[in-house]
Each structure stands twice: as C-alpha cells, then as structure tokens.
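The structure displayed is predicted, hence computed values, not measured ones.
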Amino acid sequence: MGVTPLLWLVYLLSSALIYFMVFWTPMINERMGFSVSAAATIAACASVAGAVGQLFISRFVDRKGAGTILWMPLAAVVCMLVLGAGVLGPAVYVAFVIGAKMFINSGHGGITSIAGTFYPTAIRANGAAWASSVAKVGAMAGPWLGGVILDAGLGARGAFTVFSVCPAVMVLVLFALGRVQRRLPAEAEGALSAELPETGLAAARPAVQT
C-alpha cells in the first residue's frame with residue numbers, strides 16, 4: 001500500500017486545523033467575552049502547551065511509530081466537541097481551548113517528523129517537500145473555511161464542531177499509517193527501528209513503494 005496519499009491527507013488536514021486555530025481562536029476568545037489581552041494570553045499559553053506536547057510525543061514516535069501520534073488528534077476531537085457542544089464557564093472554556101491547541105500542535109509536530117522516514121534516501125527530501133507543499137493548501141483552506149463558518153452565523157460552537165472532523169479523519173489516517181508501518185519487514189524503509197543482534201547496528205533498509 002502506498003503511503004504518499006495518506007501522508008498528504010494527514011498533512012493537509014493537520015495544517016488546516018492548526019491554522020484555523022492560529023487565525024481565529026484569538027477572535028473567538030474575544031467573542032466569548034475575554035479582553036484583548038486575556039485572549040492573547042490564552043493563545044500564548046496554548047502555544048507553550050503545544051510545544052511541550054510536541055516534546056512529549058516525540059519520545060514515543062521513534063520507538064512506537066506513526067500510530068502513536070493518533071492519540072493527539074483523538075484527544076483534540078474530544079476537546080473540540082466539548083467546545084462546540086454548549087456554553088461553558090470561562091475556566092472550563094480556557095482549559096479546553098488550551099487542551100485542544102496542545103493536542104493539535106503535538107499531533108502536527110509528530111506528523112511532520114514522520115514524512116521522510118517512509119522514503120528512501122534518494123527521494124527523501126523530495127517526498128517531504130511534496131508533503132509540505134500539500135500542507136500549504138490546508139494552511140490556506142483552514143482560515144478561509146473558518147471565516148466562512150463564522151460569517152454564516154454558526155458562531156464559535158459551529159466552527160469548533162465542523163473542524164473536529166479534521167482530527168477525527170486524522171485519527172483514521174494515522175491508524176492506517178501505523179498498520180502499514182508495523183507490517184513492514186524490519187529491513188524496509190519506514191519500518192520501526194530494528195537492530196542486528198550480531199552487531200547492534202541498525203539494519204540497512206531498502207526502499208518500499210510509496
């Protein structure tokens with residue numbers, strides 16, 4: 001099974017989601033009654049939480065593979081559905097906004113770390129660059145779609161609910177990538193790290209079809 005379409009899809013969805021959060025969450029925070037300074041503080045705390053989450057997930061991706069990342073968008077789905085479900089108190093709203101941003105950023109960091117692993121050395125840079133280029137489409141579509149949703153009168157609840165579809169689909173794609181990776185022979189490109197018992201050195205990996 002080729003992994004390139006799966007990588008492109010998860011890159012696109014992740015970028016659409018993260019740029020929606022970057023562009024529209026501060027304005028949504030203000031609509032929820034927070035001052036401009038408070039909205040900016042919430043956004044800053046969410047970014048810091050996202051960076052911490054990326055460091056956390058990176059410890060597991062190398063050992064457990066792409067499937068490990070799916071727990072981050074899965075948690076983001078929960079946070080975004082709660083945000084879209086109804087009126088929340090200020091403290092609960094802030095907690096779930098920061099949680100959503102943390103899990104979204106963490107998942108995005110994990111996704112960007114796996115693109116090159118599935119490609120042989122000769123085309124690794126090209127493969128990762130194509131995935132990043134597809135991600136730019138998502139980076140443009142996310143803020144645009146967020147504006148359309150808010151302009152249509154669906155409000156913050158509608159925006160969070162609609163965008164919860166992105167991490168939900170990402171969970172399925174990452175699950176598929178994880179299954180592909182686990183089924184690869186130890187010597188294949190993209191397989192989980194394996195060591196030769198005689199030397200303790202990582203086995204050479206021929207390319208797999210992408």
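- By the ring pair (Phe, Tyr, Trp, His ring centres under 6.0 Å) test, Phe34 is found to be paired with Tyr93, residues two or more places apart in sequence or in another chain being considered.
- With rounding to the nearest 0.5 Å, the separation of CG in Leu145 from CG in Leu17 is 11.0 Å.
- Counting only residues at least two apart or in different chains, ring pair (Phe, Tyr, Trp, His ring centres under 6.0 Å) contacts with residues 124-172 comprise Trp8-Trp130, Phe20-Phe163.
- For Met27, the side chain to side chain contact (heavy atoms under 4.5 Å, CB included) partners at least two apart in sequence or on another chain are Trp24, Arg31.
- Under the 4.5 Å side-chain contact rule for hydrophobic residues, Val3 and Ile123 share a cluster.
- To the nearest 0.5 angstrom, Met80 atom CE is 6.5 Å from Ser164 atom OG.
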Mind listing the side-chain donor-acceptor pairs of residues 39-50 below 3.5 Å, one per line with the distance, residues two or more places apart or on another chain?
unit_1, atom_1, unit_2, atom_2, d
Thr41, OG1, Ser37, O, 2.9
Ser47, OG, Ala43, O, 3.1

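- Between Pro73 and Phe103 the shortest side-chain heavy-atom distance does not fall below 4.5 Å.
- No continuous path of hydrophobic side-chain contacts links Val78 to Met102 [ILVMFWY only; heavy atoms under 4.5 Å].
- A continuous path of ILVMFWY side-chain contacts below 4.5 Å connects Leu6 to Tyr11, so both sit in one hydrophobic cluster.
- One finds the CD1 atom of Ile149 at 6.5 Å from the CG atom of Leu154 (value rounded to the nearest 0.5 Å).
- Residues Ile28 and Ala156 approach most closely at CG2-CB, 3.4 Å, considering heavy atoms.
- When all heavy atoms are compared, the tightest approach of Leu9 to Val173 is CD2-CG2, 3.6 Å.
- Applying the side-chain hydrogen bond (donor to acceptor under 3.5 Å, both in side chains) definition to pairs two or more places apart or across chains, those involving residues 13-22 are Ser14-His108.
- Residue Val148 is grouped with residue Phe23 when hydrophobic side chains (ILVMFWY) are merged at heavy-atom distances under 4.5 angstrom, including chains of intermediate members.
- At a threshold of 4.5 Å between side-chain heavy atoms, the hydrophobic network of Ile, Leu, Val, Met, Phe, Trp and Tyr places Val165 and Val82 in two separate groups.
- Under the ring pair (Phe, Tyr, Trp, His ring centres under 6.0 Å) criterion, no residue pair touches residues 63-92, with sequence neighbours excluded.
- The two residues Ala139 and Pro143 have their closest heavy-atom pair at O-CD, 2.9 Å.
- Listed by chain and number, the hydrophobic cluster partners of Val77 are Leu81, where partners are ILVMFWY side chains within reach of under 4.5 Å, directly or through others.
- Sorted by first and then second residue, the side-chain hydrogen bond (donor to acceptor under 3.5 Å, both in side chains) pairs involving residues 75-86 (not counting sequence neighbours) form an empty list.
- Taking CG from Asn126 and OG from Ser133, the interatomic distance works out to 9.0 Å, rounded to the nearest 0.5 Å.
- Separating the CD1 atom in Ile111 from the CD1 atom in Ile18 is a distance of 9.0 Å, to the nearest 0.5 Å.
- Under the side chain to side chain contact (heavy atoms under 4.5 Å, CB included) criterion, Thr25 pairs with Met21, Asn29, Val97, sequence neighbours left out.
- Of all non-hydrogen atoms in Leu83 and Ala100, the two that sit nearest each other are CD1-CB, 4.4 Å.
- Residues Pro167 and Ile104 have side chains not in contact (no heavy-atom distance under 4.5 Å, counting atoms from C-beta outward).
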Next item on the list: Given side chain to side chain contact (heavy atoms under 4.5 Å, CB included), test Met170 with Leu74 step by step and report yes or no.
Entry: CA-CA 8 Å; Met170 287 167 59; Leu74 182 61; over 6 Å; no
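- Here Leu7 contributes atom CG and Leu174 contributes atom CG; the two are 9.0 Å apart, rounded to the nearest 0.5 Å.
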